[in-house]
Amino acid sequence: INGYSYLLAGCAFGGVIAAGLANRLSTRIRLAPVIGVSILMQAVPFALTAATHAPAVAFALQVVSGVGMVVVDVLALTALQRRVANSQLGRVLAAFEAVIALAVLVGSFAISPVVSSFGVVAALVSTGVAVPVLAAGAYPLLLRADRLSAQRTATIRKRVRLLEGLDLFEGATAAALEQLAAAAEEVELPARRVVVKEGDRADALWILVAGALSVRASGGPRGPRQLPAVEAPGYVGELGLVNGVPRTATVRTREPSRLLRIDGAVFLDALSSMGASPPAMILGRLC
């Protein structure tokens with residue numbers, strides 16, 4: 001039992017090491033090669049563990065396995081998010097989690113006879129060999145899907161760079177930024193066009209890509225107020241969405257402007273993945 005706990009600790013330590021690495025790798029346009037290598041990293045150490053009696057070596061092998069496990073988990077979800085439309089993503093992720101749970105259950109039942117009949121060493125070797133073989137069989141499908149999603153990812157890469165430069169999305173994962181960028185609708189507006197009207201229902205976040213916006217609030221004890229202009233790159237509309245209140249100011253374009261409109265539900269889903277309130281919300285902006 002102590003030895004098993006020791007190996008689990010190694011795997012967990014590898015997962016901690018991989019947390020930041022996985023997020024950086026998820027920004028790559030092509031994910032299939034990284035997923036393939038990570039599956040090998042996760043599985044092969046089990047076979048190699050059967051060949052060693054040195055605790056330190058076994059621990060190190062499980063660290064490698066833990067790194068591969070976390071990278072596969074993160075990149076698999078990222079690949080799904082890139083391929084599936086936002087309207088279907090929730091259902092697809094739920095089905096994906098169900099398939100994972102079923103695979104774990106089937107694997108547990110399948111490995112029990114191997115342990116009973118041939119021992120732990122045979123079980124470790126079979127795990128380290130069978131998983132890469134199964135992955136190799138599915139790799140052409142993964143590669144085909146990766147090529148298609150890479151084309152789509154390349155087109156939204158500029159939007160991702162824009163979003164990650166805004167303090168509103170500080171702490172957001174690469175996958176969340178890609179989801180927002182893919183869901184954004186580009187809008188070109190002439191000067192003096194209303195973007196957000198005071199009193200309207202908050203239904204979207206607006207990202208200013210080029211141009212400038214004027215902000216005016218008519219309510220409050222001090223009467224109408226002209227608030228600081230928003231220059232590109234900037235954003236408006238986040239507070240109404242987060243607090244579930246009508247718009248508190250009217251926003252107009254000061255000059256011809258280009259904006260990205262992100263549906264409110266998509267923005268709130270991404271916000272929940274950040275785990276913290278964006279700095280601008282704490283400062284109490286309007287809109």
Side-chain angles (χ1 to χ4, degrees), residues 81-82 85-89 151-172 174 176-274 277-287:
Q81 290 176 337
R82 289 180 177 180
N86 289 320
S87 59
Q88 302 173 345
L89 186 58
Q151 297 172 4
R152 178 170 175 261
T153 302
T155 62
I156 64 173
R157 183 52 58 91
K158 288 184 178 179
R159 293 182 181 180
V160 170
R161 286 198 290 266
L162 172 68
L163 296 177
E164 66 187 2
L166 299 175
D167 59 359
L168 179 64
F169 298 110
E170 184 179 347
L177 292 176
E178 286 188 2
Q179 181 183 355
L180 288 167
E185 174 190 359
E186 188 166 308
V187 180
E188 297 272 357
L189 293 177
R192 295 183 295 279
R193 181 65 60 87
V194 173
V195 179
V196 169
K197 185 177 181 181
E198 187 172 353
D200 282 357
R201 181 178 66 88
D203 61 350
L205 173 74
W206 292 88
I207 307 295
L208 180 62
V209 181
L213 305 174
S214 62
V215 184
R216 183 178 177 84
S218 62
R222 291 179 291 177
R225 289 181 294 157
Q226 191 68 39
L227 301 170
V230 178
E231 304 285 346
Y235 53 89
V236 294
E238 77 286 358
L239 267 187
L241 293 170
V242 172
N243 296 326
V245 298
R247 301 300 193 187
T248 56
T250 295
V251 179
R252 288 184 172 87
T253 53
R254 294 177 56 186
E255 58 191 65
S257 301
R258 180 157 49 95
L259 302 100
L260 298 177
R261 182 189 183 278
I262 299 176
D263 184 77
V266 176
F267 167 65
L268 291 175
D269 285 344
L271 185 65
S272 66
S273 72
M274 298 180 203
S277 298
M281 294 181 187
I282 298 175
L283 295 177
R285 281 181 41 142
L286 292 176
C287 303

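Values below: all heavy atoms of this structure, side chains included; hydrogens, waters and symmetry mates excluded.
- Counting only distance, with no hydrogens or angles, the side chain of R261 and the backbone of V187 share no donor-acceptor pair below 3.5 Å.
- Side-chain atoms of R247 come within 3.5 Å of backbone N or O of G237 as a donor-acceptor pair.
- Here L259 contributes atom CG and R193 contributes atom CZ; the two are 11.5 Å apart, rounded to the nearest 0.5 Å.
- Taking all atoms of both residues into account, the shortest heavy-atom contact from A232 to L208 is N-CD2, 3.5 Å.
- With hydrogens and angles ignored, the 3.5 Å screen pairs no side-chain donor or acceptor of S257 with any backbone N or O of L189.
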List the steps, then state whether side-chain contact (heavy atoms from CB on, under 4.5 Å) holds for I207 with L162.
-> CA-CA 9 Å; I207 307 295; L162 172 68; 3.9 Å; yes
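- No donor-acceptor distance shorter than 3.5 angstrom exists from the side chain of E238 to the backbone of L168, with no hydrogens or angles considered.
- Annotation for I262 and L180: closest pair CG2-CD2, 3.7 Å, computed over non-hydrogen atoms.
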Please step through side-chain contact (heavy atoms from CB on, under 4.5 Å) for the pair D167 and Y235, ending with a clear verdict.
-> CA-CA 10 Å; D167 59 359; Y235 53 89; 2.5 Å; yes
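- Across all their heavy atoms, V245 and A202 have their closest contact at O-CB, 3.7 Å.
- A pairwise comparison of heavy atoms in A217 and T248 identifies CB-O, 3.7 Å as the closest pair.
- Residue D263 holds its CG atom at 10.5 Å from CG of L205, rounded to the nearest 0.5 Å.
- In this structure the side chain of S218 never reaches within 4.5 angstrom of the side chain of T250, judged on heavy atoms.
- Salt-bridge check for E231 with R254: passed, with a basic side-chain N closer than 4.0 Å to an acidic carboxylate O.
- Atom CZ of R157 is surrounded by more than 12 heavy atoms from other residues, nucleotides or ligands within 6.0 Å.
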Full working for side-chain contact (heavy atoms from CB on, under 4.5 Å) between R252 and R216 = CA-CA 9 Å; R252 288 184 172 87; R216 183 178 177 84; 5.5 Å; no
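- Interatomic distance, CZ of R201 versus CG of L241, reported as 9.5 Å (0.5 Å rounding).
- Within the 3.5 Å criterion, the main-chain N or O of V215 finds a donor-acceptor partner in the side chain of Q226.
- The two residues L177 and E164 make their nearest non-hydrogen contact at CD1-CB, 3.5 Å.
- Using modelled atom types, no side-chain atom of T253 and backbone atom of L213 make a donor-acceptor pair closer than 3.5 Å.
- Distance check, rounded to the nearest 0.5 Å: CZ of F169 to CZ of F267 gives 5.5 Å.
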